[in-house]
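In each ligand, atom 1 is the first atom listed, and ligand 1 is the first ligand listed. Heavy atoms only: backbone and side chains are in, while hydrogens, waters and symmetry mates are out.
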Amino acid sequence: MAKVLLIGWDAADWKVINKLIDKGLMPALEGLINHGCMGKLSTLEPPMSPILWTSIATGKLADKHGILGFIEPGPSGVRPTTSGSRKTKAIWNILTQLGYKTHVVGWWPSHPAEAVNGIMVSNFYHSSQNGTLQEGTVYPSNLSGLFEHLRVHPDEITEQHLLPFVPDGALVDQKNDRRLQTIARLLAEASSIQSAATWIMDHAEWDFMGVYFNAIDMFSHHFMCFHPPKMQQVSDSDYKLYNEVVTSAYRYHDMMLEAMLSRVDKDTTVILMSDHGFLSDHLRPAYLPDEPANPVIQHSEHGILVIKGPGIKKDELIYGASLLNITPTILSLFGQPSAKDMDGVPLIQIFEAPQISEMIDSWDLVDGEYSMRASSLPLTNEENQQALKQLVELGYIEDPGSDSEKAVQMAKNEANYHLARVYMSSNRHALAIPLLEELNNQMSDEGRFVTRLARCYMEMGSYTLAQSALELFEERASISCNKPGAKTKHYIYWLQQADVVKGDLLLMQGRAKEALLLFEKVQKINPKSVGMLLKLGNTTMDLGLYDKAHNYFMEVLTQNPESDQAYAGLAFIAIQGGSNEEAAGFALDAIGLNFNAPISHFYLAKALFGMKNYKNAAEALEVCLKMHPNFGLARNMLVEVYTFLGMDQKIAEHNNFFAKAKEDNYGQYQADILEHSVYYTKNLKLNNPMVVVSGLPRSGTSVMMQMLLNGGLPVFTDNLRVSDESNPRGYYEHEAVKSIASNNKWMTQAQGQAVKIIAQLLPYIPPRFSYRVIFMERTMDEVIASQHKMLVRGGKHRENFYPGGLDIIFRKQLQLTKKWIKEQPNIDVLYVNYEEVK
Ligand SMILES: [Zn+2]
């Protein structure tokens, strides 16, 4: 029968581990890797441990599981987040319900312990080293005394234990430098978890054993700044004393792993994983903004994953895994179905003989004895204080102080902020907006709220709202910045971030040149910022400055050799230069580093297509579209590839997708799952695009058509509407355009020509073509006045009749059309002001 040992190492990172394994310093983990498969594990937003470990244990995002931060409102003030706040069954509830012997040690958050079919030791076990265990720490409670006894006290950690961490420990001035005590405490906490877990493995029957260690995260937050190479702001003496702490912590965990592995048989599947990584090299941030939970800026986006067991592939790399896959995969290991309400699916690629079982709707709907607590046990105030103190010390939360009302409000605000980030990361920007607006109203000089709010507006196509939110922030922040005692560095940091968002806003509006100026300004202040270098690379690429873009991407790779986005950029440039083989190589590099970016698969397909390798191009496109179904360019290309391959059924299948999408209404299109791919897509040289001139009637569309004609571009017109006083140079329209909503067959004839389609009709253009839209903008009053004048001339309006309310309707229509344009990957848009061309 299947057995599963799940070990969590918070913040464990491959970069640190790989170096240690190369030196033979983590033999237990090395053995595990050699006999199983390994990979990177994508983390989730926001990367905060209690939220992440609950997603790991439920297979669900935080809006479904309900754990939204480190603290939550309690009966008197705030308290550390409790297990009772989880809204859905965790893996241990499901396995308990199915009758498996289930044990859990130290999971965050799991206090008070739940009545599993086995033993549960909560996350309060190790965090309260003094006195007796708090009520609710151990289930069943009659084992409390035993587990209390198994704990390791920091006093039991001797010089011998500390020496490997700080060889020159004797030199530490212990009166003024408490860091040796910190190491002793973290070691004691990790050892307590180990001792509870191994006791259970030795003394109880088990089918599932989940053990969570937070020590690597804690060690990293306290000591990663001393890790080699030496950071500039670290003193020589501190560096000399503490540069081995992090590697020693990893080695200590390897020893604990070895002890656990010696207790499992060959029928047991072992899963070792982390919830995110931790920046360990020159990418470590030199500055942390002064705000709650700022330490998470040190986290990196990929954790580790190793799986070894019967029926699991050996010596294989796992691609594309995320935290959400863990619970569904454990269910598969037990031969149990996953559920449709989970956000993740089983990692079937790890099995030698994968068995795909039918999913059930939800494990929450399956009745049975599953032990979730209906409500949580209130903590005493003293217990609260102790647990909160640690979170404050780590910088994860602000000191709630003695004003409990204020503290509760603060906890609610943080929870809403985190929920907004969950929505943003899963493309539900509309749901994030009200939460962020509320926060931004309360704290209008807080950069973290307004920059995210502006991004949400942007995603919804409301560029003006985004722009004004950022401008208001700049005003407020500049005032706050000059107040006596202000956190100037903090404001400067966020003003820069606001500039970055403004640049992105310009990019989305097709104003890449202006965006470039802004990005260059920000980059001057942080010349080595990988994020800025990437933006510069993408923007110069957008402008067709491929040599510059190439240099930026190469610079990114010297800073961070694992930047998949830089490789994707290089792939694109190679495609533009006609070097398909080179492009395929770069795209494969990008995919190897991050499987989950659809754009890399698309570039691979483009390169393969160029090499006439249609079969593999089709495969790459299928992968791409699975991740990003609304990637129109990719689907167009796939139809083309299947045409070459003569696969009619596939062609029909994909064309049906378009037909269906049209029925579902384009406005419903979900935006991209990756922030950057919108830009990437727009950067592509569109395949024989149709030029569409659009805008409200009387906003300069005819003038633009004439300019294009003069520039040598054929225009699609039947010349039925002849020039008159209103448009002395002609209208350049085609009668067929008016009926585009019901009949668009004529579009094929318009390819390679310029067509005039007014803004209100634009959403009817069929998705099977690529378009370059020139969108004319003119002030609303002028548009309406000009339309009125024309209608008067044509005898359709009386001179003194003025239609009221039209401006509101037009504004709304424009807003909808612009939002729609933004969501179409096959449209490249350029907004042109009437004033510039008239
Ligand atoms: Zn973590």
Exercise. Got a sec: is Ser49 within less than 2.8 Å of the Zn ion (ligand 1) via an N/O/S atom?
Worked result: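 Here the distance criterion (N, O or S atom, under 2.8 Å) is met by Ser49, so yes.
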Exercise. Mind checking whether the Zn ion (ligand 1) has an N, O or S of His276 under 2.8 Å?
Worked result: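 Checking the Zn ion (ligand 1) against His276, an N, O or S atom does fall under 2.8 Å.
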Exercise. Hey, what's the ring geometry for Trp107 with Trp92, parallel, tilted or perpendicular (30° and 60° as the breaks)?
Worked result: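 Rings of Trp107 and Trp92: perpendicular, as their planes differ by over 60°.
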Exercise. In Asp275, the N, O or S atom nearest to the Zn ion (ligand 1) is which?
Worked result: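 Answer by atom name: OD2.
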Exercise. Considering only N, O or S atoms, which atom of Asp10 is nearest to the Zn ion (ligand 1)?
Worked result: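 Considering only N, O and S atoms, Asp10 comes nearest to the Zn ion (ligand 1) through OD1.
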For this session: Flag this pair as yes if the NZ/CZ of Arg448 is under 6.0 angstrom from the six-membered ring centre of Tyr417 and inside a 45 degree cone about the axis; otherwise no.
Result: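 Because its charged atom sits under 6.0 Å from the ring centre and within 45° of the axis, Arg448 does stack over Tyr417.
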Exercise. Which pairs pass salt bridge (Lys or Arg N to Asp or Glu O under 4.0 Å) with one or both residues in residues 28-46, sequence neighbours excluded?
Worked result: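 Every pair satisfying salt bridge (Lys or Arg N to Asp or Glu O under 4.0 Å) with a residue in residues 28-46: Lys40-Glu562, Glu45-Arg421.
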Problem set entry | Counterpart residues, side chain to side chain donor-acceptor pair (under 3.5 Å), relative to Arg263 (two or more places apart) |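 Per chain and number, Arg263 pairs via side chain to side chain donor-acceptor pair (under 3.5 Å) with Asp202.
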